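Here the structure is a predicted model, which means the values were calculated and not measured.
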Amino acid sequence: MVKAVVLGAAGGIGQPLSLLLKCNPLITELSLYDIVNTPGVAADLSHIATPAKVTGFLPPDEGLMKALTGAQLVIIPAGVPRKPGVSRDDLFKINAGIVEGLATGIATTAPKAFVLVISNPVNSTVPIVAEVFKKHNVFDPKRIFGVTTLDVVRASTFVADIIGDLSKAPDVVVPVVGGHSGVTIVPLLSQSSHPLPSDLSGEKLDALVNRIQFGGDEVVKAKDGAGSATLSMAYAGAEFAVKVVNALKGQKGIVTPSFVHLTADPAGGEALKKEIGADLEYFSAPVELGPEGVVKINSLGKITDAEKKLVEAAVPDLTKNIQTGIAFTKKSNL
């Protein structure tokens with residue numbers, strides 16, 4: 001039995017994410033929570049002929065607690081979307097409070113659940129969740145994940161496009177490390193599972209890196225004020241969720257990048273800090289998943305000098321983002 005909960009289930013990411021989870025036969029119970037519309041979303045999804053029983057909850061009558069009770073997996077896409085001219089950091093003031101309130105609910109009702117944070121800015125919201133859990137003495141770094149999978153999905157798609165065969169996109173694997181905004185997104189293209197064209201260097205390579213880093217801006221601009229990357233983010237969130245569920249069920253050898261607290265694997269975390277040359281608390285690196293969450297934090301492996309520079313460039317923003325999240329919770333009375 002696997003109960004998955006989506007917090008922010010009526011939103012632009014939440015609805016398609018809930019649909020994808022409902023379509024997954026591994027999910028046996030799907031609980032949806034939001035401040036509006038979840039009973040309707042739940043009723044709609046409940047008609048789909050797949051195993052998951054779907055229920056929807058609103059804030060009244062302890063709806064959040066009811067939604068979370070018995071959860072193995074909690075996914076948080078709640079919050080306001082980006083719009084043109086709005087950075088992920090600009091979203092922080094609104095989304096930080098939303099995430100903190102939801103994290104408090106998880107910490108008190110389902111503290112052993114795996115928590116998958118999608119709400120932006122991930123570099124700051126993951127530390128918020130962790131600090132809330134620390135306040136409630138239930139913090140387990142192995143079970144809290146920042147979902148950076150969309151960066152990985154974009155890298156796979158864009159590389160397949162450059163190779164000239166989009167049918168290869170599902171098989172292309174490119175590790176993307178660092179964080180989940182702008183220059184903190186570091187695609188390790190030298191480790192691509194599929195060889196890149198020999199002429200992809202210099203400006204062409206820089207353009208590909210930039211597109212992966214700022215792919216979100218591409219969508220925000222194209223939607224022209226109507227929101228941000230919701231459908232692709234829902235796909236990426238569901239992909240990561242499935243990996244976590246498979247690991248929970250005992251599948252071995254699942255490795256995927258995620259933004260985690262580096263004490264999730266103390267030895268691996270310390271080695272990674274030396275590798276990146278910075279004493280960061282959080283970093284997105286390839287992590288091995290198991291029934292208890294993070295089993296191992298892998299090293300970056302062999303990277304090019306250009307990629308080393310990208311990692312170096314990511315560190316100042318990561319440091320600032322992480323501290324912003326931690327400072328927010330220290331000011332809060334929750």
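If you take CG on Leu150 and CZ on Phe240, they are separated by 13.5 Å, rounding to the nearest 0.5 Å. With rounding to the nearest 0.5 Å, the separation of CG in Leu58 from OH in Tyr33 is 8.0 Å. One finds the OG atom of Ser198 at 10.0 Å from the CG atom of Leu196 (value rounded to the nearest 0.5 Å). Remark: Leu318 CG to Glu281 CD distance equals 12.0 Å, nearest 0.5 Å. Going from atom NZ of Lys53 over to atom OG of Ser31 covers 10.0 Å, rounded to the nearest 0.5 Å. Distance check, rounded to the nearest 0.5 Å: NE2 of His261 to NZ of Lys134 gives 4.0 Å.
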Evaluate Leu20 against Val242 for side chain to side chain contact (heavy atoms under 4.5 Å, CB included), listing each step before the verdict. CA-CA 10 Å; Leu20 291 167; Val242 169; over 6 Å; no
Please step through side chain to side chain contact (heavy atoms under 4.5 Å, CB included) for the pair Val122 and Val147, ending with a clear verdict. CA-CA 8 Å; Val122 165; Val147 180; over 6 Å; no
Output, in order, the C-alpha distance, side-chain angles, deciding distance and verdict of side chain to side chain contact (heavy atoms under 4.5 Å, CB included) for Glu275 and Val311. CA-CA 10 Å; Glu275 205 174 9; Val311 171; over 6 Å; no
Run Leu45 and Leu21 through side chain to side chain contact (heavy atoms under 4.5 Å, CB included) and show every step you take. CA-CA 10 Å; Leu45 291 176; Leu21 293 173; over 6 Å; no
Mind running side-chain hydrogen bond (donor to acceptor under 3.5 Å, both in side chains) on Thr125 and Ser119 for me, showing each step along the way? CA-CA 7 Å; Thr125 53; Ser119 306; 5.9 Å; no
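Linking ILVMFWY residues whenever their side-chain heavy atoms come closer than 4.5 Å, directly or via other members, leaves Val183 and Val220 in distinct clusters. Residues Val152 and Phe214 are members of separate hydrophobic clusters, defined by side-chain heavy-atom contacts under 4.5 angstrom among Ile, Leu, Val, Met, Phe, Trp and Tyr. Residues Val176 and Leu188 share a single hydrophobic cluster, defined by chaining ILVMFWY side chains whose heavy atoms lie under 4.5 Å apart. Note on Ile297 and Val173: separate hydrophobic clusters, where clusters join Ile, Leu, Val, Met, Phe, Trp and Tyr whose side-chain heavy atoms are under 4.5 Å apart, directly or indirectly. Hydrophobic clustering, with ILVMFWY side chains joined whenever heavy atoms are under 4.5 angstrom apart, keeps Val209 apart from Val219.
Among the candidates Val54, Leu17, Ile27, the single residue satisfying the side chain to side chain contact (heavy atoms under 4.5 Å, CB included) test with Lys22 is Val54. Each of Val255, Asp265, Val287 was checked for a side chain to side chain contact (heavy atoms under 4.5 Å, CB included) with Asn298, and the lone residue meeting it is Val255. Looking at Asp151, Thr148, Asn321 one by one, the single match for side-chain hydrogen bond (donor to acceptor under 3.5 Å, both in side chains) with His180 turns out to be Asp151. Of the options Ser192, Ser193, Pro257, Ser190, a side chain to side chain contact (heavy atoms under 4.5 Å, CB included) to Val174 is made by Ser192 and by none of the others.
A side-chain donor from one of Asn123 and Thr184 sits under 3.5 Å from a side-chain acceptor of the other. Thr55 and Lys66 are not linked by any side-chain donor-acceptor pair at a separation below 3.5 angstrom, with hydrogens and angles left out of the test.
The environment of CG in Asp61 is sparse: at most 12 heavy-atom neighbours from other residues, nucleotides or ligands sit within 6.0 Å. For Leu166, the CG atom sits in a packed shell: over 12 heavy atoms of surrounding residues, nucleotides or ligands are nearer than 6.0 Å. Residue Lys223 places its NZ atom among more than 12 non-hydrogen atoms of other residues, nucleotides or ligands, all under 6.0 Å distant. Applying the 6.0 Å contact sphere to CZ of Phe139 captures more than 12 heavy atoms from other residues, nucleotides or ligands.
Proximity of Arg211 to Asp161: side-chain heavy atoms (C-beta onward) are separated by under 4.5 Å at one or more points. Side chains of Phe133 and Ile106 form a contact here, defined as non-hydrogen atoms less than 4.5 Å apart. In this structure the side chain of Gln15 never reaches within 4.5 angstrom of the side chain of Asp44, judged on heavy atoms. Inter-residue side-chain proximity for Val177 and Pro286 is flagged as met; some heavy-atom pair is nearer than 4.5 Å. For the pair Thr108/Met65, no side-chain contact is recorded, criterion being any heavy-atom separation below 4.5 Å from C-beta on. Within the 4.5 Å cutoff, side-chain heavy atoms of Ile162 are placed close to those of Leu200. Inter-residue side-chain proximity for Gln213 and Leu310 is flagged as met; some heavy-atom pair is nearer than 4.5 Å. Between Pro77 and Val6 there is a side-chain heavy-atom pair separated by less than 4.5 Å.
The aromatic rings of Phe114 and Phe145 are tilted relative to each other, their planes meeting at an angle between 30° and 60°.
Side-chain atoms of Lys3 come within 3.5 Å of backbone N or O of Thr69 as a donor-acceptor pair. Judged by distance alone, with hydrogens and angles left aside, the side-chain atoms of Asn95 form no donor-acceptor pair with the main-chain N or O of Ala78 at under 3.5 Å. No side-chain donor-acceptor contact under 3.5 Å links Lys249 to the backbone of Val2. Proximity of a side-chain donor or acceptor of Ser258 to a complementary backbone N or O of Gly146 within less than 3.5 Å is detected. Within the 3.5 Å criterion, the main-chain N or O of Leu300 finds a donor-acceptor partner in the side chain of Gln191.
The minimum heavy-atom distance linking Leu32 with Ala9 is given by the pair CB-CB, 3.6 Å. Nearest heavy-atom pair across Ile75 and Ala241 is CD1-CB, 3.9 Å. Nearest heavy-atom pair across Asp171 and His194 is O-CE1, 3.4 Å. In plain terms, the two heavy atoms of Gly325 and Ile128 that are nearest each other are O-CG1, 3.5 Å. The minimum heavy-atom distance linking Ala71 with Ala113 is given by the pair O-CB, 3.5 Å. The two residues Val186 and Glu307 have their closest heavy-atom pair at CG1-O, 4.3 Å.
Between Asp279 and Lys273 there is a salt bridge, since at least one side-chain N of the basic residue sits less than 4.0 Å from a carboxylate O of the acidic one. By the 4.0 Å N-to-carboxylate-O rule, Glu292 lies close enough to Arg143 to be salt-bridged with it.
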